[in-house]
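Residue numbers start from 1 in every chain, and the chains themselves are labelled A, B, ... in the order their sequence lines are given, proteins ahead of strands.
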Amino acid sequence: MPAPIRLRELIRTIRTARTQAEEREMIQKECAAIRSSFREEDNTYRCRNVAKLLYMHMLGYPAHFGQLECLKLIASQKFTDKRIGYLGAMLLLDERQDVHLLMTNCIKNDLNHSTQYVQGLALCTLGCMGSSEMCRDLAGEVEKLLKTSNSYLRKKAALCAVHVIRKVPELMEMFLPATKNLLSEKNHGVLHTSVVLLTEMCERSPDMLAHFRKLVPQLVRILKNLIMSGYSPEHDVSGISDPFLQVRILRLLRILGKSDDDSSEAMNDILAQVATNTETSKNVGNAILYETVLTIMDIKSESGLRVLAINILGRFLLNNDKNIRYVALTSLLKTVQTDHNAVQRHRSTIVDCLKDLDVSIKRRAMELSFALVNGNNIRGMMKELLYFLDSCDPEFKADCASGVFLAAEKYAPSKRWHIDTIMRVLTTAGSYVRDDSVPNLIQLITNSVEMHAYTVQRLYKALLDDISQQPLVQVASWCIGEYGDLLVSGQCEEEEPIQVTEDEVLDVLEGLLVSNLSAAVTRGYSLTAIMKLSTRFSGVNRIKKVVSIYGSSIDVELQQRAVEYNALFKKYDHMRPALLERMPIMEKSASNGPTEIVQTNGETEPSVVDSKHPPPVSQPANQANDLLDLLGGNDVVPVIQTTVPTKPASAGGELLDLLGDLSLTIPPMTAYNKNGLKIDFTFERANPNPNVAVITIHASNSTEADMTDFVFQAAVPKTFQLQLLSPSSNVVPALNQGTVTQVIRVLNPQKQQLRMRIKLTYTLKGSPVQDLAEVNNFPPQSWQ
Amino acid sequence: MMRFLLLFSRQGKLRLQKWFTPLTDREKKKVIRDVMALVLARPPRSCNFLHWRDIKVVYKRYASLYFCTGLEDQDNELLTLEVLHRYVELLDKYFGNVCELDIIFNFEKAYYILDEFLMGGEVLETSKVAVSVSMENADTLQETMEEYMNRPAF
């Protein structure tokens with residue numbers, strides 16, 4: 001059989017192939033030849049064949065039939081064979097192959113070979129891809145070589161030990177004695193690999209960390225020598241002596257100095273020296289400075305040093321080199337939590353980086369900008385971030401939008417600003433906002449009672465422009481459904497009111513239902529909105545028609561909704577207004593999580609503690625309007641009231657939970673005391689929202705007769721929001737035999753002085769009694 | 001530590017692959033595909049770092065070849081640029097004005113040089129001279145056998 005072709009020959013031939021098919025043919029032919037050659041157990045050319053196989057493997061072709069051949073090569077006595085054999089093992093064999101373990105014996109023999117280059121091959125292979133079993137078997141040999149005086153072998157043994165420890169951490173103890181005088185080596189290769197080994201051990205074991213802390217002075221000395229020593233041609237990189245070793249030492253110092261005062265102090269000087277003396281014109285110097293900064297920030301350094309570090313990062317930010325700017329932004333992101341004020345000083349530079357052309361830098365700058373937003377800079381920062389949102393790539397928009405929402409929620413200076421910001425995000429990046437932002441936004445809008453007219457108007461205008469962005473459309477249709485009456489009434493304090501007719505509004509909503517751009521969820525929203533408008537608009541017929549049409553829609557969800565709404569019109573018309581009334585203020589369960597909006601099929605339910613379905617009841621809307629008329633108007637907001645009487649037990653249950661909070665220290669007060677009716681207020685703070693004061697009224701009756709049909713109503717100034725929960729009963733028993741309790745929740749975000757007007761109605765001895773009063777004597781702790 | 005080192009051409013042809021963690025062939029192919037796509041898509045004057053999964057990818061282009069490596073969180077990206085540069089210098093010293101063709105036709109030598117410079121994802125030897133000397137000596141060992149056998153190794 002002719003000798004197999006040479007490797008270079010094969011490479012040359014394959015490269016002449018003009019098509020993939022041609023190449024495949026050549027490869028297949030050669031593979032067949034190689035396979036038959038392997039079968040003949042030819043020692044002479046095995047090396048050549050495996051080399052060719054490795055080339056073909058790199059091109060992407062299967063080469064598993066060469067695995068055993070690699071083992072044979074490793075076992076051969078020729079150095080050339082071993083070299084290719086080990087290379088083949090590293091490329092073709094990995095832990096998952098059974099064949100892998102067969103190497104163990106060969107490697108063991110080679111670790112004890114007389115030629116250091118053979119030992120080196122064995123160490124290299126073990127250190128790159130040795131499995132746990134192999135590492136366990138051969139750890140002893142590695143440990144022996146770690147103590148040799150041959151620096152070529154010692155450095156390889158050190159990195160091999162690192163691999164062994166990574167694979168089998170329990171073996172770490174075994175290498176401890178050998179590390180004793182590793183750092184007294186002069187050879188940089190050994191020094192470097194020793195530092196890597198020490199780093200690995202310290203990272204994995206707190207005991208080792210404590211043990212090696214005593215090496216800090218030695219490490220500092222070595223680093224000092226590197227910096228102070230003159231030019232060393234062997235290790236020089238652009239005027240800096242062995243930057244690789246310097247950086248590794250700095251990294252080890254970082255681990256040793258973390259949370260340890262003494263070690264941190266011992267390295268203070270050298271860190272300052274490196275930070276000030278390193279040449280920054282080339283990448284090398286900056287690499288060392290970068291590592292130094294990371295070390296300074298992690299250990300217990302003195303404040304002067306920390307400021308120096310942040311200033312270095314600030315200078316990095318202004319560097320022309322993109323890599324350095326990127327690295328600076330990444331580091332600042334890590335330190336922004338701990339050294340917030342120092343990083344704030346560089347805010348304008350960071351914001352400028354938002355306009356950088358480089359994608360990686362933009363992303364880092366965006367993350368850092370969000371971390372820097374606080375109550376003071378919110379307006380300015382938000383302007384920049386919204387501008388960024390307008391112009392950035394789509395890959396950023398989702399994250400940026402979420403970030404804007406979060407920041408706006410935490411630091412919004414006013415409700416109007418908050419809503420404007422949200423509108424801006426929805427209109428510019430509406431299709432990229434996360435799904436859970438829709439309920440969050442709805443909740444926010446509901447709670448900004450005074451902004452309802454403004455909000456619905458702006459949302460309506462936005463819908464007229466563009467109905468393709470689903471989150472925007474969903475929020476808008478929900479708002480129109482809720483506040484459609486405000487929209488057509490043309491009242492708007494904040495802006496020029498627009499003139500819209502009921503038909504125009506219904507046109508828009510129906511348009512959403514039929515448009516191809518609307519998602520199924522969006523259609524559901526708009527159908528529900530249309531339904532809600534049946535109680536807010538005068539013309540109901542059109543709505544009835546729409547609803548009945550969709551009763552036969554193919555979309556099951558729409559169909560169900562339409563059928564149920566139809567049923568409302570036909571059989572439960574008297575319930576319709578109650579079910580479709582305005583949503584109450586919703587409590588947030590957590591500041592960032594999804595809210596407790598409970599809205600199923602258009603029925604409204606109170607979202608707080610009470611979770612029972614409202615049975616048919618007379619219209620509370622009238623009562624609210626009553627209060628308005630009586631108390632004359634503009635500075636008082638009608639209370640949103642639930643009128644479901646529940647069992648006293650549940651009210652008692654509420655009371656119990658509230659009293660469980662031990663942090664209350666607000667004294668109770670008497671709000672009203674006239675004609676035998678006394679009303680006391682007791683206070684708690686609601687958890688988790690400290691802006692909500694929870695007031696429980698206790699009504700007691702000292703007259704001889706019961707007070708029946710007792711109703712308590714309250715109204716608060718504009719800056720507050722009020723929610724009245726259900727009373728324990730409607731009868732105040734005579735002669736102080738019992739009390740009626742009712743819970744009021746007052747949201748007081750601006751911490752203004754609490755004032756309240758109350759209206760009491762009851763029947764005493766057959767005649768109705770009505771009284772109004774103002775309550776001004778709230779204790780300061782209740783609203784501060 | 002470095003997780004992998006890849007050399008590939010502008011046309012997406014792989015010239016060298018070194019893996020420092022155990023991965024299946026399939027996983028390796030996926031990494032190569034993804035990282036290559038990301039790196040080749042970068043505009044010319046971008047920053048040399050990007051983020052992929054939980055790995056920091058550092059790449060540098062030398063003539064027609066991309067040198068690309070994946071780092072873990074603690075590793076220093078700027079220093080890794082120096083590591084890549086050092087490897088190129090070592091290849092250059094060995095082959096004399098190295099070009100892509102040298103690496104194609106002598107890929108096994110490129111691997112040997114790499115194995116004298118890096119091991120287990122960490123730098124093994126920081127001295128250029130030391131690496132060159134080791135390579136020379138090992139090659140001599142090989143040639144001695146060749147002369148003895150009186151025929152070319154492969």
Side-chain angles (χ1 to χ4, degrees), chain A residues 6-8 11 15 47-48 51-52 54-55 58-60 78-80 83-84 87 91 94-96 115 117 120 124 127-129 131 152 155-156 159-160 162-163 188-189 192-193 196 234-235 237 242-245 247 251 283-284 286-287 290-291 322-327 358-361 363, chain B residues 1 13-25 29 42-43 45-51 74 76-83 85-86 104-108 111-112 115-116 118-130 134 137-138 141-142 144-146 149 151-154:
Chain A
R6 311 241 305 270
L7 170 66
R8 323 275 177 224
I11 298 178
R15 281 171 64 79
C47 182
R48 182 184 292 187
K52 287 187 285 186
L54 292 179
Y55 178 72
M58 182 132 69
L59 292 178
K78 283 161 59 181
F79 183 68
T80 315
R83 240 182 166 186
I84 288 281
L87 179 62
L91 286 177
D94 61 54
E95 322 199 318
R96 282 158 240 269
T115 315
Y117 294 103
C124 182
C128 277
M129 41 86 75
S131 64
Y152 177 81
K155 71 188 184 198
K156 292 204 174 197
L159 283 188
C160 197
V162 170
H163 179 84
H188 279 224
H192 185 275
T193 55
V196 175
E234 203 182 335
H235 300 114
V237 180
D242 207 341
F244 306 104
L245 182 57
V247 166
R251 192 161 145 187
N283 181 58
V284 192
N286 289 319
Y290 176 39
E291 197 75 29
K322 283 196 201 315
N323 296 331
I324 294 177
R325 286 211 297 278
Y326 177 85
V327 146
D358 189 285
V359 162
S360 312
I361 289 183
R363 178 166 284 282
Chain B
M1 62 176 263
K13 289 227 127 117
L14 193 64
R15 300 300 179 202
L16 189 144
Q17 52 175 324
K18 187 78 185 175
W19 301 91
F20 298 111
T21 51
L23 292 176
T24 61
D25 260 350
K29 286 208 162 82
R42 299 277 279 188
R45 266 177 298 279
S46 326
C47 127
N48 293 87
F49 313 131
L50 52 97
H51 224 84
Q74 290 295 318
N76 185 327
E77 297 99 311
L78 296 178
L79 192 72
T80 309
L81 283 175
E82 294 300 319
V83 169
H85 191 72
R86 172 59 67 88
I104 294 172
F105 279 92
N106 300 286
F107 69 92
E108 84 279 6
Y111 275 107
Y112 297 154
D115 286 338
E116 289 299 320
L118 301 175
M119 189 162 118
E122 305 281 358
V123 169
L124 172 65
E125 176 57 66
T126 59
S127 156
K128 273 189 273 193
V129 172
S134 313
N137 293 344
L141 209 55
Q142 197 172 303
T144 315
M145 303 305 291
E146 276 183 35
M149 302 296 288
R151 64 183 112 200
F154 50 87

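- The candidate with the highest count of non-hydrogen atom pairs below 4.5 Å against chain A, out of B/G120, B/S127, B/P43, is B/S127.
- To the nearest 0.5 Å, the span separating CG on A/N283 from CG on B/N48 amounts to 8.5 Å.
- Within the 4.5 angstrom heavy-atom criterion, only side-chain atoms of A/V196, from C-beta onward, approach chain B.
- With a 6.0 Å radius and a threshold of 12 heavy atoms from other residues, nucleotides or ligands, A/K322 has its NZ atom above the threshold.
- Only the backbone of B/L23 has a heavy atom closer than 4.5 Å to any heavy atom of chain A.
- The residue among B/L118, B/V129, B/T24 with the most heavy atom pairs within less than 4.5 Å of chain A is B/T24.
- Among A/L91, A/I361, A/V359, the residue making the largest number of heavy-atom pairs under 4.5 Å with chain B is A/L91.
- If you check the side chains of B/N76 and A/Y290, you find no donor sitting under 3.5 Å from an acceptor.
- In this structure, a donor-acceptor pair under 3.5 Å is absent between the side chains of A/N323 and B/E77.
- For chain A, no part of B/T21 is nearby; none of its heavy atoms comes within less than 4.5 Å.
- Residues passing the side-chain hydrogen bond (donor to acceptor under 3.5 Å, both in side chains) test with A/R83, sequence neighbours excluded: B/D139, B/Q142.
- Among A/I324, A/V284, A/T193, the residue with the largest count of heavy-atom pairs under 4.5 Å with chain B is A/V284.
- Between chain B and the options A/L59, A/T115, A/V247, A/L54, the largest number of non-hydrogen pairs under 4.5 Å is found for A/V247.
- Only the side chain of A/L87 comes within contact range of chain B, with at least one heavy atom under 4.5 Å from a heavy atom of that chain.
- A side-chain N or O of B/E116 and one of A/Y152 form a donor-acceptor pair less than 3.5 Å apart.
- Annotation: maximal heavy-atom pairing with chain A below 4.5 Å, among B/L14, B/L50, B/L16, B/I104, occurs at B/I104.
- Of the listed residues (A/R363, A/H192, A/H163), the one with the most heavy-atom contacts under 4.5 Å to chain B is A/H192.
- Contact annotation for A/F244: both backbone and side-chain heavy atoms come within less than 4.5 Å of a heavy atom of chain B.
- Ring pair A/H235/A/H188 is parallel by interplanar angle, where below 30° counts as parallel and above 60° as perpendicular.
- Only the side chain of B/R42 has a heavy atom closer than 4.5 Å to any heavy atom of chain A.
- Side-chain atoms of A/K52 and A/I11, non-hydrogen and from C-beta on, never get closer than 4.5 Å to each other.
- Side-chain N or O atoms of A/R251 include none that pairs as donor or acceptor with a backbone N or O of A/E291 at under 3.5 Å.
- The parts of B/S134 that come within reach of chain A are both its backbone and its side chain, each placing non-hydrogen atoms under 4.5 angstrom from that chain.
- Contacts between A/R15 and chain B at a heavy-atom distance below 4.5 Å involve the side chain alone, from C-beta outward.
- Most heavy-atom pairs under 4.5 Å with chain A: of the set B/K128, B/E122, B/K29, this distinction falls to B/E122.
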For this session: Could you walk me through whether B/E108 and A/R48 pass salt bridge (Lys or Arg N to Asp or Glu O under 4.0 Å), step by step?
Result: CA-CA 12 Å; B/E108 84 279 6; A/R48 182 184 292 187; over 6 Å; no

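- For B/Y111 (side chain) and B/Q17 (main-chain N/O), a donor-acceptor pair under 3.5 Å exists by modelled atom type.
- When each of B/R45, B/Q74, B/R86, B/K18 is scored by its heavy-atom pairs under 4.5 Å with chain A, the top score falls to B/Q74.
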